**Student:** 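Quick one: this structure, given as structure tokens, is what I'll be asking you about.
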Amino acid sequence: TMAKKAPAPSSANPLPGVKNIIAVVSGKGGVGKSTVAANLALALSASGATIGLMDADIYGPSMPMMFGLRGERPMMKEDESGKGKIIPIEKYGLKIMSIGFLVDEKQAVVWRGPMASSAIKQFVTDVEWGELDILVIDMPPGTGDIHLTLLQTIPLTGVVIVTTPQDVALADAKKGIAMFGQAQVNVPILGIVENMAYFTPAELPDNKYYIFGKDGGKNLASEYDVNLLGQIPIVQAIREGGDKGVPVVAGDDEITKAAFRDLAGKT
Ligand code: ADP
Ligand code: MG
């Protein structure tokens, strides 16, 4: 059940073939934004939709590693007007683009805001996304230049906020909500994902340990009157999947797959 498309921020829509654009955001880093973005994209794809995944974290790209695509380089082609276009790399049925496909992974991207902004603009205008039902964007942490650039460049359908139940993460998540909910921007908040919500040891399947606190994301959702899309537990397979290059939704951990399928259904 997709929300309606927000009005275009500027004159021409640079992505006419893309029906919906969802940004996955958080205030704080390390809360599982990239993990949620990757698995949400895969779960949406599994439901039959054509999905692209843009890694907008210019300073800390995660997708090459998460999808086992380290060291891969995208192909180029020329469009009808002779303009060079970057072809996204396909994995598990997703079209993926990341700065990690363009720069050496041992090199740090040390760019001032305008450089990062222009790179992200190129991810919109110079990448051959083609026809997509949904483009999922993994945003960098915080509320900075890249966020503003994307807000000004493309019509976002909505944002998914990722937080852990911990107070520091919730405080930053509120800033994310504020940024996108502000009147002059006003992109709909599709909902909140509470990640790392609890831990259940294999030998104690009926126990839940609230390591980062209990229901922080759920309470945030009711405080701001937005949907709670899901409470994802801390699962070793999720962490391993990210490191191995096989996100859980592309793997065979059925319980975790179901959690992300449910999340995709609510998004
Ligand atoms: P962010 O993009 O917000 O910085 P990541 O998605 O990179 O966060 O996640 C940070 C780390 O936590 C990664 O090592 C990831 O594998 C791990 N992680 C994320 N969510 C979970 C989870 N639900 N269970 C276990 N590990 C997780
Ligand atoms: Mg990330």
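Owing to the predicted nature of the structure, the values given are computational and were not obtained by experimental measurement. Values below: every heavy atom of this structure, side chains too, minus hydrogens, waters and symmetry copies. Just so you know, residue 1 is the first one in the sequence shown, and it goes up from there. Whatever order the structure lists them in is the order used to number ligands and atoms, beginning at 1.
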**Student:** Would the distance check show the side chain of K95 and the main-chain N or O of W129 forming a donor-acceptor pair, the cut-off being under 3.5 Å?
**Tutor:**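 Side chain of K95 to backbone of W129, a donor-acceptor pair under 3.5 Å: yes, one is there.
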**Student:** Under 3.5 Å, N or O to N or O, is M196 touching ligand 1 that way?
**Tutor:**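 Such a contact does not occur with ligand 1.
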**Student:** Considering only heavy atoms of S34, which atoms of ligand 1 have at least one such atom less than 4.0 Å away?
**Tutor:**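 Result: 1 (P), 2 (O), 6 (O).
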**Student:** So, S62 and the Mg ion (ligand 2): N/O/S under 2.8 Å, yes or no?
**Tutor:**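 Not a single backbone or side-chain N, O or S atom of S62 is under 2.8 Å from the Mg ion (ligand 2).
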**Student:** Do any N or O atoms from the side chain of D57 and from the backbone of M139 form a donor-acceptor pair under 3.5 angstrom?
**Tutor:**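 Side chain of D57 to backbone of M139, a donor-acceptor pair under 3.5 Å: no, none is there.
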**Student:** Do D262 side-chain atoms and A258 backbone N/O form a donor-acceptor pair below 3.5 Å?
**Tutor:**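 It does not hold such a pair.
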**Student:** Within the structure, does T35 bring an N/O atom to less than 3.5 angstrom of an N/O atom in ligand 1?
**Tutor:**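 The answer is yes, given that T35 and ligand 1 share an N or O pair closer than 3.5 Å.
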**Student:** Tell me: protein heavy atom nearest atom 16 (O) of ligand 1, and distance?
**Tutor:**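 Result for atom 16 (O) of ligand 1: R239 CA, 3.4 Å.
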**Student:** In this structure, does ligand 1 have an atom that sits under 4.0 Å from one of the heavy atoms of G32?
**Tutor:**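 It does; at least one heavy atom falls under 4.0 Å.
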**Student:** Please tell me if atom 19 (C) of ligand 1 is touched by the protein, where touching means a protein heavy-atom distance below 4.0 Å.
**Tutor:**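 At least one protein heavy atom is under 4.0 Å away.
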**Student:** Among all protein heavy atoms, pick the one closest to atom 4 (O) of ligand 1 and tell me residue, atom and distance.
**Tutor:**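 Answer for atom 4 (O) of ligand 1: G30 N, 2.8 Å.
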**Student:** Taking D138 for its side chain and A56 for its backbone only, find out whether a donor-acceptor pair lies under 3.5 Å.
**Tutor:**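 Here the side-chain-to-backbone pair does not exist.
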**Student:** Would you find a donor on one side and an acceptor on the other, under 3.5 Å apart, between the side chain of Y198 and the backbone of N207?
**Tutor:**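 No.
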**Student:** Is there a heavy atom in S26 that sits closer than 4.0 Å to ligand 1?
**Tutor:**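 Judged by the 4.0 Å heavy-atom criterion, S26 does not count as contacting ligand 1.
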**Student:** Tell me which part of N195 gets within contact of ligand 1: side chain, backbone, both or neither, using heavy atoms under 4.0 Å.
**Tutor:**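 For N195, only side-chain atoms sit under 4.0 Å from ligand 1.
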**Student:** Between N20 (side chain only) and T157 (backbone N and O only), is there a donor and an acceptor less than 3.5 Å apart?
**Tutor:**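 No; zero donor-acceptor contacts below 3.5 Å.
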**Student:** Where the side chain of K85 meets the backbone of T125, is there a donor-acceptor pair that is under 3.5 Å apart?
**Tutor:**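 Yes; judged by distance alone, with no hydrogens or angles, the pair exists.
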**Student:** Looking at G251, is its backbone amide N or carbonyl O close enough to the side chain of K257 to form a donor-acceptor pair, meaning the two atoms are under 3.5 Å apart?
**Tutor:**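 Side chain of K257 to backbone of G251, a donor-acceptor pair under 3.5 Å: yes, one is there.
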**Student:** For the side chain of D55 and the backbone of P61, is there at least one donor-acceptor N/O pair under 3.5 Å apart?
**Tutor:**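 Checking the backbone N and O of P61 against the side chain of D55, no donor-acceptor pair under 3.5 Å is found.
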**Student:** Suppose I only count heavy atoms of K33 and a 4.0 Å limit; which atoms of ligand 1 are within that range?
**Tutor:**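 Here the atoms of ligand 1 in question are 1 (P), 2 (O), 3 (O), 6 (O), 8 (O).
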**Student:** Among protein heavy atoms, which sits nearest to atom 21 (C) of ligand 1, and what does the distance come to when rounded to 0.1 Å?
**Tutor:**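 Nearest neighbour among protein heavy atoms for atom 21 (C) of ligand 1, to 0.1 Å: I238 CG2, 3.6 Å.
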**Student:** Side chain or backbone, does I232 bring an N or O within less than 3.5 Å of an N or O on ligand 1?
**Tutor:**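 Such a contact does not occur with ligand 1.
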**Student:** May I ask whether atom 11 (C) of ligand 1 is less than 4.0 Å from at least one protein heavy atom?
**Tutor:**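 Looking at atom 11 (C) of ligand 1, one finds that no protein heavy atom lies closer than 4.0 Å.
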**Student:** Could you list the atoms of ligand 1 found under 4.0 angstrom from a heavy atom of P233?
**Tutor:**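 Result: 22 (C), 23 (N), 24 (N).
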**Student:** Against heavy atoms of V235, which atoms of ligand 1 measure under 4.0 Å?
**Tutor:**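 Here the atoms of ligand 1 in question are 24 (N), 25 (C).
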**Student:** Is a side-chain N or O of S34 found less than 3.5 angstrom from the main chain of S62, in a donor-acceptor match?
**Tutor:**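 No, the answer is negative, given that no donor and acceptor are paired below the 3.5 Å cut-off.
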